[in-house]
Amino acid sequence: MALKKRLVVLASGRGSNFCAISDAINKKIIPNAEIAALISNKRTASVLNEAKLRNIPSLIIESKLFRTSVGFDRQSYEIKLLELLKELKPDLILLAGYMLVLGKTIVNSFPNKILNIHPSLLPKYRGLHAQRQAIENGDTHTGCTVHWVTEGLDEGNPVLQASVPIFPGDTESTLSERLLPVEHKTYIEAVNIVLKKMV
Ligand code: GRF
């Protein structure tokens, strides 16, 4: 049997995408893979509890410790993160609600190995509050995109997209709630597409 593909998930918050992927691995919907570790930049992120419940090792590099008087010291933060990632030897890195932009230190070290999920039909509505942006623009549908991570924010090539309707009266919260299960399904499918192409 081939060696299991090693996934490393980076997340900052709730962790529903992390849970969906972990559960899909356990049910063999994603076959022959394991989450080698979860890395979070926030000590209080509830995704850390989810990892504990699932016996998945978690590691924390607190990004707030890298704040300086002139802003976030991304370079030093990423050097630390890179050390950790190199030790973990991931086949694929999954950003799942990871609220920091990755710079070239990380992106250039793992070409074609980092995926992200974004809650819009990219290239529409990059950045924060993508669901709100779709409502404010009067769109009748939006969706999610799993894409390769490049240095540009939410800019890399898409692997998979899925859409959901926007109904009159939708708020950012009702729309996000409708989209979330679709995100989970799309991320699982995208991971399978990518892993199948790996030799
Ligand atoms: C999701 O909406 C994802 O698309 C975005 O951040 C949110 C993370 O949610 N990048 P969760 O932490 O996976 O529940």
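As the structure lists them, so they are numbered: ligands from 1, and atoms in each ligand from 1.
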Participant: Taking transitive links into account, so neighbours of neighbours count too, which hydrophobic residues share a cluster with I166 at under 4.5 Å side-chain distance?
Facilitator: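 Traced through the cluster, I166 reaches I135, V164, L175, L179, V182.
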
Participant: Taking atom CD of E151 as the centre, report whether more than 12 heavy atoms of other residues, nucleotides or ligands fall under 6.0 Å from it.
Facilitator: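 Atom CD in E151 is packed in, count exceeds 12.
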
Participant: Just grab all the side chain to side chain donor-acceptor pair (under 3.5 Å) pairs involving residues 129-140, residues at least two apart or on different chains.
Facilitator: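 Every side chain to side chain donor-acceptor pair (under 3.5 Å) pair that includes a residue of residues 129-140, provided the two are not neighbours, is K124-D139, Y125-N137, Y125-D139, H129-R132, H129-E172, Q131-S176, R132-E172, N137-D139.
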
Participant: Distance alone, cut at 3.5 Å: any donor-acceptor contact between the side chains of T150 and E155?
Facilitator: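 Result is no, nothing qualifies.
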
Participant: Residues two or more places apart in sequence or in another chain: which of them pass side chain to side chain contact (heavy atoms under 4.5 Å, CB included) with E62?
Facilitator: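 Listed in chain order: R43, I60, K64, L65.
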
Participant: Is there any protein N/O under 3.5 Å from an N/O of ligand 1, and what does the full list of such pairs look like?
Facilitator:
| unit_1 | atom_1 | unit_2 | atom_2 | d |
| --- | --- | --- | --- | --- |
| ligand 1 | 2 (O) | E183 | OE1 | 3.2 |
| ligand 1 | 2 (O) | E183 | OE2 | 2.9 |
| ligand 1 | 4 (O) | E183 | OE1 | 2.7 |
| ligand 1 | 4 (O) | E183 | OE2 | 3.3 |
| ligand 1 | 9 (O) | R14 | NH2 | 3.1 |
| ligand 1 | 10 (N) | I117 | O | 3.0 |
| ligand 1 | 12 (O) | G15 | N | 2.8 |
| ligand 1 | 13 (O) | S16 | N | 3.3 |
| ligand 1 | 13 (O) | N17 | N | 2.9 |
| ligand 1 | 13 (O) | N17 | ND2 | 2.9 |
| ligand 1 | 14 (O) | R14 | NE | 2.6 |
| ligand 1 | 14 (O) | R14 | NH2 | 3.1 |
| ligand 1 | 14 (O) | S16 | N | 2.8 |
| ligand 1 | 14 (O) | S16 | OG | 2.5 |

Participant: Are a donor atom and an acceptor atom from the side chains of S12 and N41 found within less than 3.5 Å of each other?
Facilitator: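 A donor-acceptor contact under 3.5 Å links the two side chains.
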
